[in-house]
Amino acid sequence: MYSNIEEFIREWNQEAGTTQKVLDALTDASLQQQVSPDDRTLGRIAWHIVTSIPGMLTAFGLRAEPVAGADTVPTSAKRIADTFRQVSTAATEVVRQQWTNASLTEIRHVFGMDLSGAALLSLLIKHMIHHRGQMTVLMRQAGVKVPGVYGPAREEWESRGMKSPTV
Ligand code: NI
């Protein structure tokens, strides 16, 4: 768990960078991909990742600018990726400017739970990772090339002359 704000920022920048690579790989057509008629489309999951960042920060008691047009899923993959670029950078500024290291041990009542500031920031990252994992499955189904996340994607193993692990 983070004991200082910069530890969070480091992990955030790393995870947001990976999320950015995933979002940058989306195509407009792929946004319509869905696992079932009742579930979110790929575009909706991607947009949820973007809009939930200021949404969660606000729930944590921070002042964060909501995403303009958050209620409508864009039809442009580029718009989703570009908005994430802004929102993910803004998030680091919001946390740096409004919280101190002491905020990390303060307990807040958020989403029906009592959590420390550090636990909330960790939740922000876990939420993004959770939906990013959902995205990569739908991207495969949509025929979009998926970038490696914690290790090489299948094509990246192959381009190194290696076979991807089978188990
Ligand atoms: Ni969510």
Side-chain angles (χ1 to χ4, degrees), residues 1-2 5 7-95 98-99 103-104 106-142 144 146-150 153:
M1 200 60 76
Y2 317 112
I5 296 285
E7 273 174 26
F8 161 72
I9 302 279
R10 253 196 313 279
E11 186 169 28
W12 176 260
N13 285 341
Q14 189 177 338
E15 293 300 339
T18 306
T19 304
Q20 188 71 60
K21 277 201 297 180
V22 171
L23 292 171
D24 285 341
L26 291 172
T27 60
D28 293 351
S30 72
L31 302 181
Q32 307 307 322
Q33 187 71 37
Q34 59 188 156
V35 65
S36 87
D38 297 329
D39 290 296
R40 287 171 172 160
T41 59
L42 177 53
R44 186 169 287 278
I45 296 171
W47 192 234
H48 172 66
I49 290 179
V50 176
T51 61
S52 65
I53 294 168
M56 289 177 77
L57 291 172
T58 303
F60 300 168
L62 290 151
R63 293 178 307 282
E65 190 71 34
V67 172
D71 294 340
T72 310
V73 180
T75 53
S76 158
K78 184 174 185 304
R79 176 153 171 250
I80 297 175
D82 287 348
T83 309
F84 181 80
R85 225 178 302 280
Q86 295 163 12
V87 160
S88 59
T89 304
T92 62
E93 288 159 12
V94 163
V95 174
Q98 298 176 39
W99 275 7
S103 314
L104 298 175
E106 287 166 14
I107 303 298
R108 290 175 169 77
H109 192 73
V110 181
F111 306 136
M113 299 175 281
D114 288 320
L115 294 170
S116 67
L120 289 171
L121 293 180
S122 177
L123 187 62
L124 184 73
I125 290 182
K126 287 172 182 154
H127 180 259
M128 174 170 72
I129 292 172
H130 163 69
H131 289 299
R132 188 175 71 199
Q134 295 178 321
M135 282 185 62
T136 56
V137 176
L138 288 168
M139 286 166 77
R140 283 288 190 206
Q141 290 184 329
V144 172
V146 176
V149 175
Y150 293 116

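We count ligands from 1, going down the list as the structure has it; atoms in each ligand are counted the same way. Just so it is clear, the values below take in all heavy atoms, side chains as well, and ignore hydrogens, waters and symmetry mates. These numbers come from a predicted model, not from an experiment.
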Angle between ring planes, F8 versus Y2, binned at 30° and 60°: parallel, tilted or perpendicular?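 Ring orientation, 0 to 90° scale: perpendicular.
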
Give the ring-plane orientation class for H127 versus H131, where under 30° counts as parallel, over 60° as perpendicular and anything between as tilted. perpendicular

Close side-chain approach of W47 and V67, heavy atoms under 4.5 Å: yes

Mark yes or no for whether S122, through its side chain, and A118, through its backbone, hold a donor-acceptor pair below 3.5 Å.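 No: the side chain of S122 does not pair with the backbone of A118.
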
Suppose the cut-off is 2.8 Å; which protein N/O/S atoms would you list for the Ni ion (ligand 1)?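 Within the sphere that stays under 2.8 Å of the Ni ion (ligand 1), the protein atoms of type N, O or S are H48 NE2, H127 NE2, H131 NE2.
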
For A16 and S88 the tightest heavy-atom approach is CB-CB, 4.0 Å

Separation between CE of M128 and CZ of F84, rounded to the nearest 0.5 Å: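 So the gap between those two atoms works out to 5.0 Å.
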
